[in-house]
2 protein chains.
Amino acid sequence: MRPGRHQRGGPVQSTQDSVKSSAKVTIADVAREAGVSKGLVSFALNDRPGVAADTRARILQVAEALGWTPSLRARSLSSKRSFALGLVIARDPEVLGSDPFFTSFIAGVETVLAPEGLALVLSVVPDEETELQTYRTLVSDGRVDGVFLSDLRIDDARIQCLADLGLPTVTLGRPDQPSPFPAVSIDDTHGIAESVRHLAGLGHRRIAHVAGSPAMLHGSRRQEAFTSAMRAAGLGDGQIVETDFSIAAGADAARRLLSQPEPPTAIVFANDPMAIAGIGVAQELGIRVPEDVSITGFDDIEFARYVYPALTTVGATPLVWGRAAAATLLGLIRTGGADDVDLPAARLIIRGSASVPAPG
Amino acid sequence: MRPGRHQRGGPVQSTQDSVKSSAKVTIADVAREAGVSKGLVSFALNDRPGVAADTRARILQVAEALGWTPSLRARSLSSKRSFALGLVIARDPEVLGSDPFFTSFIAGVETVLAPEGLALVLSVVPDEETELQTYRTLVSDGRVDGVFLSDLRIDDARIQCLADLGLPTVTLGRPDQPSPFPAVSIDDTHGIAESVRHLAGLGHRRIAHVAGSPAMLHGSRRQEAFTSAMRAAGLGDGQIVETDFSIAAGADAARRLLSQPEPPTAIVFANDPMAIAGIGVAQELGIRVPEDVSITGFDDIEFARYVYPALTTVGATPLVWGRAAAATLLGLIRTGGADDVDLPAARLIIRGSASVPAPG
DNA sequence: CTGAAAGCGCTTACAG
DNA sequence: CTGAAAGCGCTTACAG
């Protein structure tokens with residue numbers, strides 16, 4: 001079949017012309033039909049006080065009968081709202097693809113937005129400068145009524161930027177600086193500490209950590225959690241290799257750690273994709289998992305259950321996080337304030353990739 | 001630290017009041033300052049003919065000086081456009097998370113939308129009925145000027161729905177029915193055929209296929225490609241297990257195939273996540289990859305390079321696809337018509353998971 | 001080539 | 001509790 005040229009409204013014919021004609025009903029039609037003013041229809045629609053109960057009922061009934069849907073565009077212009085929330089993701093798309101966090105997070109967000117008639121505007125940008133520019137454009141275009149701020153960084157410049165823009169924001173996690181925005185957080189240090197204790201309990205002494213980026217809050221926080229858990233277990237500081245959270249960097253780190261004269265007997269990875277790459281590297285080097293080296297991850301992505309050996313990891317709940325963040329942002333926008341939310345800590349899920357170290 | 005309550009505009013103070021005051025500049029200010037009518041400013045902004053070159057230059061210069069950004073909301077209301085494109089994804093979020101297709105696709109879309117000042121509205125819905133309802137809402141709200149239709153299905157009801165709604169659409173792949181919409185496609189049958197030929201060339205005779213959902217166009221098309229390639233190689237029809245493309249189903253299928261008395265010596269998986277699960281299952285069963293069973297995938301997700309053995313697979317290019325689809329949809333919206341686009345066929349990428357079968 | 005005016009479809013004070 | 005009117009900030013025929 002050769003590529004062809006398509007015009008709008010081609011071979012497939014519309015069978016529902018009623019849809020199109022009914023799309024033209026306006027508030028004026030409803031007002032006339034109900035015998036009231038447009039203003040009153042608006043009041044009834046928006047549940048504002050000052051409309052007699054029976055009048056309101058009649059208005060809503062007429063609206064229903066006429067198939068009236070208030071024009072979002074007109075409402076936006078006059079009320080200066082956009083009925084949409086924004087999420088800007090600044091990551092290399094290649095890296096992004098291997099991290100299922102955002103798709104689950106977005107699915108969680110949608111469960112609260114959809115029933116409210118709100119939309120999600122998504123941007124994927126290559127770097128922080130573009131991200132800041134995107135926020136400015138989003139605000140000057142009036143595209144969104146608020147945004148989610150993810151992947152918090154050390155001294156995150158985006159917080160001041162969003163505060164300057166006056167854009168209602170919810171941060172995913174608590175920033176390391178004064179922030180005017182509510183934070184929806186999940187404790188991830190607990191899971192790292194649990195991982196270390198689990199491995200120490202199995203008898204491991206040389207435990208290494210493949211950390212995420214120290215410039216990112218969850219990277220540095222997990223690294224700190226690792227260090228203090230190691231000390232608490234009397235195992236010293238433990239060897240640490242920092243990465244940018246990417247699979248490639250995780251594989252490199254694993255290769256470096258396992259190629260040493262005295263390699264660790266266990267490695268705690270800061271996320272699942274790196275841990276899975278770590279399993280691959282070990283196998284490639286002829287090092288058995290978990291007999292020769294135990295491996296743990298973080299996130300519990302779906303792959304974790306299906307690689308071999310199945311990955312012992314910390315279970316994050318991005319869907320729940322998305323739901324909570326959306327509810328909080330909505331509350332902030334509607335009431336002008338919102339409380340911080342602390343989600344239940346992520347817990348260790350024990351599978352096959354960690355076991356007692358081989359003797360010797 | 002205890003959760004606290006946040007008000008808008010808290011401790012962080014705005015340092016750029018100019019931003020806020022300049023946000024109030026309207027077309028009337030520009031018109032007055034430039035000594036012309038609002039209409040003429042609008043004409044100049046939109047590059048419409050009928051404005052003297054020097055007048056246009058003066059207007060744009062004044063606009064620049066005043067820091068005027070035309071109000072998207074006002075433009076939307078009067079021009080009946082929304083300056084946004086939509087993507088609705090109907091998948092289980094868990095399954096979605098393991099498939100990096102959409103994040104890369106979206107990144108590709110963004111590269112063309114951002115420079116045009118257009119936004120992407122994203123919806124993740126649980127099922128087809130909700131998806132259809134989402135399109136209707138998108139249209140009646142005037143949220144988007146067009147949408148991308150992905151994951152094409154056999155007898156896809158969404159095409160008629162979108163045609164009825166009169167919503168400009170680009171389909172990812174060519175539907176199996178008359179469609180009024182341009183299609184942006186990538187040939188994936190070629191890659192499957194290449195996989196079969198590669199395996200046959202290595203000496204495999206018993207080759208199985210873990211197919212995707214037969215209700216989905218790319219699932220059934222890849223399956224047909226497998227069958228005809230097998231016949232062309234004189235290897236019969238080959239054993240086929242159908243799945244829903246999920247990792248879990250892929251693992252089940254692999255387990256079933258490999259637990260037979262006379263298991264296949266090679267398995268062609270319809271996507272990478274299932275193939276990776278297949279490698280895991282084989283290892284779990286003590287079956288060596290590729291010595292005892294060769295495995296190939298489809299997509300070339302990032303993980304494919306980092307599992308062990310690295311996955312021989314077919315390289316898809318979702319980023320390129322996103323770019324082409326966005327360009328096509330834009331063209332359709334602006335000119336009322338657009339040509340189909342055929343992207344270069346996905347090609348086989350040879351890595352370590354497929355080799356000559358063990359003798360015997 | 002340019003201006004004055006109506007219109008897009010709502011919301012929101014302001015009167016009564 | 002309800003109505004009449006102005007306003008949100010653009011675009012678009014219609015005149016000239």
Side-chain angles (χ1 to χ4, degrees), chain A residues 20-60 62-63 66-84 117 139-143 145 334, chain B residues 20-60 62-63 66-84 117 139-143 145 334:
Chain A
K20 291 187 178 171
S21 48
S22 73
K24 308 233 169 198
V25 178
T26 77
I27 198 173
D29 300 318
V30 176
R32 190 182 340 99
E33 194 75 14
V36 298
S37 70
K38 293 191 309 178
L40 209 53
V41 175
S42 177
F43 271 52
L45 168 73
N46 293 304
D47 286 323
R48 308 244 305 216
V51 185
D54 55 338
T55 308
R56 172 195 308 277
R58 180 161 43 91
I59 290 172
L60 294 180
V62 169
L66 262 45
W68 176 59
T69 317
S71 158
L72 201 72
R73 287 167 183 155
R75 296 183 76 188
S76 284
L77 179 59
S78 54
S79 69
K80 298 182 191 316
R81 286 180 293 166
S82 49
F83 304 98
V139 167
S140 72
D141 281 356
R143 278 279 190 197
D145 298 322
R334 311 237 239 234
Chain B
K20 292 185 179 174
S21 48
S22 74
K24 309 232 168 199
V25 179
T26 76
I27 197 173
D29 300 318
V30 177
R32 190 183 338 101
E33 194 75 16
V36 297
S37 69
K38 294 190 309 178
L40 210 53
V41 175
S42 176
F43 271 52
L45 167 73
N46 293 303
D47 287 323
R48 306 244 304 217
V51 185
D54 55 338
T55 308
R56 171 194 309 277
R58 181 160 43 90
I59 290 172
L60 294 180
V62 169
L66 261 45
W68 175 61
T69 317
S71 158
L72 200 72
R73 287 167 184 155
R75 296 183 76 188
S76 283
L77 179 59
S78 54
S79 69
K80 300 184 190 314
R81 286 181 293 165
S82 50
F83 305 98
V139 167
S140 71
D141 282 356
R143 278 280 188 196
D145 298 323
R334 310 238 240 233

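A note on names: the letters A, B, ... follow the listed sequences, proteins ahead of strands, and every chain is numbered from 1. Bear in mind that the values here come from a model prediction, so they are computed numbers and not experimental data. Computed over heavy atoms, backbone and side chain alike; hydrogens, waters and symmetry mates excluded.
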Between the side chain of [X] and the main-chain N/O of [Y], is any donor-acceptor distance below 3.5 Å?
X	Y	value
A/D145	A/R81	no
B/N46	B/F43	no
B/R73	A/G142	yes

Output the single nucleotide from [options] whose closest atom is nearest the side chain of [X].
X	options	value
B/S71	D/dT12, C/dT11, D/dG9	D/dG9
A/N46	D/dT2, C/dT11, C/dT12	C/dT11
B/K80	C/dT2, D/dT2, C/dG9	C/dG9
B/A74	C/dT12, D/dC10, C/dC10	D/dC10
A/F43	C/dT12, C/dT2, C/dG3	C/dT12
B/L77	C/dT2, C/dG9, C/dT11	C/dG9

Query raised in the report: Between B/K38 and A/R75, who's closer to the 5' end of DNA chain C by nearest nucleotide?
Result: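 Whichever sits nearer the 5' end wins; that is B/K38.
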**Report entry** Of B/G35 and B/S78, the one whose closest DNA chain C nucleotide lies more 5'
**Finding:**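 By nearest-heavy-atom nucleotide position, the 5'-most residue is B/G35.
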Base, sugar-phosphate alone, or nothing: which one does [X] contact when heavy atoms must sit under 4.0 Å apart?
X	answer
A/R48	sugar-phosphate
A/V41	nothing
B/S76	nothing

Can you check whether [X] reaches [Y] side chain to side chain, under 4.5 Å on heavy atoms?
X	Y	result
A/F83	A/L72	yes
A/R75	A/P70	yes
A/I27	A/S42	yes

Using whole Å, what does the distance between atom [atom2] of nucleotide [N] and atom [atom1] of [X] come to?
X	N	atom1	atom2	result
A/D141	D/dC8	CG	P	19 Å
A/L40	D/dA5	CG	P	16 Å
B/R58	C/dC1	CZ	P	14 Å
B/R81	D/dG9	CZ	P	19 Å
B/R73	D/dG7	CZ	C1'	15 Å

**Report entry** Residues in contact with DNA chain D, drawn from residues 26-33 of chain B - heavy-atom cutoff 4.0 Å
**Finding:**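 Per residue number, the list reads B/T26, B/I27.
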**Report entry** Reported CG-to-CZ distance for the pair A/L40 and A/R56, which is rounded to 0.5 angstrom
**Finding:**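 If I round to the nearest 0.5 Å, the distance is 9.0 Å.
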Query raised in the report: Partner of D/dC1 by Watson-Crick or G-U wobble geometry, both contacts under 3.5 Å, or none?
Result: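 Base-paired to C/dG16.
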